[in-house]
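Just so it is clear, the model here is predicted, and its values are computed rather than measured. Residue numbers begin at 1 in each chain, while the letters A, B, ... track the order of the sequences.
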Protein chains: 2
Amino acid sequence: MGYIKSVESVFEIIAEPNRRAILSLLVSSQQSVGEIERQLRMPQPTVSKHLRVLREAGFVESTVDAQRRLYRLKPEPLQEVDAWLAPFRRFWSAHLDALERHLDRMDQKTPTKRKTRRRR
Amino acid sequence: MGYIKSVESVFEIIAEPNRRAILSLLVSSQQSVGEIERQLRMPQPTVSKHLRVLREAGFVESTVDAQRRLYRLKPEPLQEVDAWLAPFRRFWSAHLDALERHLDRMDQKTPTKRKTRRRR
DNA sequence: AGAGCATATACGTGTCAAGGTATATTAAGC
DNA sequence: GCTTAATATACCTTGACACGTATATGCTCT
């Protein structure tokens, strides 16, 4: 009875392993459903259903080529994931910095030769 | 009966909105369960259960402070997500490059003034 | 028009995970 | 030791979703 098909978050979409596999396949070039089916060895309805989810969520788009449909990647949704990660990247690079400072302090105490530290 | 509780993928872990909220909270500083509970306005068992999942998946670790437990972020699992994104980043920056080249061609055809293009 | 290939959808089923409520654990303070 | 605070866990119910199988749609070629 007509309720709103709430747009699933991009995170739920990529939670599914087969969908991630499809996306990884498409990153090199566009593929037809049959090609995906063969390369990933999954049944055709499975591929189609996942492609539907990916398409409705904006991860892919398709063009018609005779009986085939060619699916290709669209960047926006994964960029959204990338954006969500940004604060955490700052977090862990801060941790790396702390580690570096720690190692530098070690250097002072035991001044042995050490490979050049990465520049900041 | 008695099958292996397969370690869920990091993607399934962050598919859950409440867990993402918790992680985002922890990025600024460590928090006790009660603090998380209040800030996110979710029932305490919910918080504890999500923290358990996050802990077992290595997203967080906890230390004991009297009756409280302080939870803090661990970087590795999210770095894993970041690593998975890498090929796609190359993909969409390639697309941006193509767009730039396209705009450059436009420049040549209609040489009107335009803001300085971002350098490569 | 009919046959055959490529893709999409419908339907039934099983599984699993999230939430709610209740209760157990553990530590603190009097 | 008992009470209270903080957190964890147990149990149950419900809903979503992924899969398999079957079938529909659509295009092409003869």
K.L.:
CE of B/M42 versus P of C/dG20: gap in Å, rounded?
P.N.:
10 Å
K.L.:
Between A/R89 (side chain) and A/D82 (backbone), is there a donor-acceptor pair under 3.5 Å?
P.N.:
yes
K.L.:
Would you call A/E56-A/R52 a salt bridge at under 4.0 Å N-O?
P.N.:
yes
K.L.:
Taking only residues two or more places apart in sequence or in another chain, which ones pass side chain to side chain donor-acceptor pair (under 3.5 Å) with B/E12?
P.N.:
none
K.L.:
By the 4.0 Å heavy-atom rule, please label A/P45 as base, sugar-phosphate, or nothing.
P.N.:
base
K.L.:
Are the side chain of A/E16 and the backbone N or O of A/I13 linked by a donor-acceptor pair below 3.5 Å?
P.N.:
no
K.L.:
So which of residues 60-70 of chain A are in contact with DNA chain C, with a heavy-atom cut-off of under 4.0 Å?
P.N.:
A/Q67, A/R68, A/R69
K.L.:
CZ of B/R52 versus C1' of D/dT9: gap in Å, rounded?
P.N.:
7 Å
K.L.:
When you measure from the side chain of B/S24 to the backbone of B/R20, do you find a donor-acceptor pair of N or O atoms at a distance under 3.5 Å?
P.N.:
yes
K.L.:
From CD of B/E56 over to C1' of D/dT9, roughly how many Å is that when rounded to an integer?
P.N.:
12 Å
K.L.:
State which residue, out of A/Q39, A/R38, A/R72, fulfils the side-chain hydrogen bond (donor to acceptor under 3.5 Å, both in side chains) condition with A/Q31.
P.N.:
A/Q39
K.L.:
Would you find a donor on one side and an acceptor on the other, under 3.5 Å apart, between the side chain of B/R19 and the backbone of B/H50?
P.N.:
no
K.L.:
Measuring from the side chain of A/Y71 (C-beta onward, heavy atoms only), which nucleotide among C/dA8, D/dT7, D/dA8 has the closest atom?
P.N.:
C/dA8
K.L.:
Report the nucleotide, chosen from C/dT7, D/dT7, D/dA18, that has the shortest atom-to-atom distance to any side-chain atom of A/R19.
P.N.:
D/dA18
K.L.:
Using whole Å, report how far CD of B/Q44 lies from P of D/dA5.
P.N.:
14 Å
K.L.:
Send over the distance from B/E35 CD to D/dA5 P, rounded to a whole Å.
P.N.:
17 Å
K.L.:
Nearest whole angstrom, please: distance from the C1' of C/dA18 to the CD of B/E12.
P.N.:
14 Å
K.L.:
Provide, to the nearest angstrom, the distance between the CG atom belonging to B/N18 and the C1' atom belonging to C/dG19.
P.N.:
10 Å
K.L.:
Given D/dA8, C/dT9, C/dA18, identify the nucleotide with an atom nearest to the side chain of B/E16.
P.N.:
C/dA18
K.L.:
NZ of A/K49 versus C1' of C/dT7: gap in Å, rounded?
P.N.:
13 Å
K.L.:
Side-chain N or O of B/T46 versus OP1/OP2 of C/dA18: is the shortest distance under 4.0 Å?
P.N.:
no
K.L.:
Phosphate oxygens OP1/OP2 of D/dC17: is one of them under 4.0 Å from a side-chain N or O of A/H50?
P.N.:
no
